[in-house]
Number of protein chains: 2
Amino acid sequence: MDGTIVDSQQDSLQKKLKKILEPTPGVLAPCPIRDILDRLSDKWSALSIFHLGDAGTLRFNELRKRVDGISQRMLTVTLRNLERDGLVNRRMYPEIPPRVEYELTALGHSFLRQLIELGEWAAHHSDPIMKARERYAAREQEAVPGKW
Amino acid sequence: MDGTIVDSQQDSLQKKLKKILEPTPGVLAPCPIRDILDRLSDKWSALSIFHLGDAGTLRFNELRKRVDGISQRMLTVTLRNLERDGLVNRRMYPEIPPRVEYELTALGHSFLRQLIELGEWAAHHSDPIMKARERYAAREQEAVPGKW
DNA sequence: CGGTATCCGTACGGATACTG
DNA sequence: CAGTATCCGTACGGATACCG
């Protein structure tokens, strides 16, 4: 029911996997996957990218208000990382008081599309995930009866 | 050059973004995105999924050998999380010595496809990212001349 | 306004030893 | 073999204070 819709694509997937997993010249070692995952792993990158993609161009404190709960420090750090990786553009205007605007680069928008895909997947599969957790929790209960 | 291939898809993207970013009933609060990102954020989940997807079914120590550098503890923790979320299936055989086999569930394979997409994106865009970093590093040099 | 600099608690993950 | 238990260092991120 799930393995029949894909046919020749299966091989393709396996090949892609092989390529990702191959040791030295692969996608893991130098920059690619590990780095991209790092951008996803820190607490605020994805959220910042979402908001920049949504709003277009934002000043530092405008973005700060939108990314709920982020500290000034972490917004700075996050934006620096994104800028460093070429996902975000930083434009500073030599005025007083200073004005700094951030926006996604073309690369950033490209990455945003991947994030949205991920978000869509998550939204679409949130139900089975939640169910799985409930089942897991239930099994934990019966496995350790003395706990309760 | 990059904004012309997508036309009516642009609105669609924006709408998806809105949906992802909307506060309470959105994708962020309950389970979805935040949780999925959590799976991506820990150090070993993605890699473990890749290897399970590549190999099919693996015993604990087989997987351990493949996931280079992972400790016994972290493999256990990682697999528990993945099992909890319904991405990995754990099958235990009551033998001596014990044998435990892990494999991706249908949901896990579905997620793997997303990971591969991400990997492909990363591989495909690793060049501009690396270049961006070099530029950033170069700008740092000139900005802080006293450092050198 | 848009940052740095500093301090500090916590959570993640590694190493090691032990167990059914 | 496949874990669990324990200890322990580090890195991530929050709070606060200060600066151009």
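Proteins get letters first, then strands, A, B, ... in listed order; numbering begins at 1 in each. These numbers come from a predicted model, not from an experiment.
Side chains of A/Phe111 and A/Leu107 form no contact here, defined as non-hydrogen atoms less than 4.5 Å apart.
First and last contacts of DNA chain D with chain B, using any nucleotide atom under 4.0 Å from a protein heavy atom and ordered 5' to 3', fall at D/dC1 to D/dT6.
Salt-bridge formation is detected for the pair B/Arg133/A/Asp35: a Lys NZ or Arg NE/NH1/NH2 atom is positioned less than 4.0 Å from an Asp or Glu carboxylate oxygen. Of the charged side-chain nitrogens involved, at least one lies within less than 4.0 Å of a carboxylate oxygen, so that B/Glu103 and B/Arg91 count as a salt-bridged pair. Between B/Arg113 and A/Glu117 there is no salt bridge, since none of the side-chain N atoms of the basic residue sits less than 4.0 Å from a carboxylate O of the acidic one. Using a 4.0 Å cut-off between charged side-chain N and carboxylate O, B/Lys131 and B/Asp127 make a salt bridge. The pair A/Glu62-A/Arg64 does not meet the salt-bridge criterion, since no charged nitrogen lies less than 4.0 angstrom from a carboxylate oxygen.
The shortest non-hydrogen separation linking B/Ser48 to B/Leu75 is OG-CD1, 4.4 Å.
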Candidate pair A/Glu83 and B/Arg139, rule salt bridge (charged side-chain N to carboxylate O under 4.0 Å, His left out), full reasoning: CA-CA 12 Å; A/Glu83 192 197 353; B/Arg139 262 179 291 154; 3.6 Å; yes
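A side-chain donor from one of A/Tyr102 and A/Arg90 sits under 3.5 Å from a side-chain acceptor of the other. A side-chain donor-acceptor contact under 3.5 Å links A/Asp42 and A/Ser45.
Less than 4.0 Å separates DNA chain C from at least one heavy atom of each of the following residues of residues 80-105 of chain B: B/Pro98. Within residues 59-78 of chain B, the residues that have a heavy atom under 4.0 Å from DNA chain C are, in order of number, B/Ser71, B/Arg73, B/Met74.
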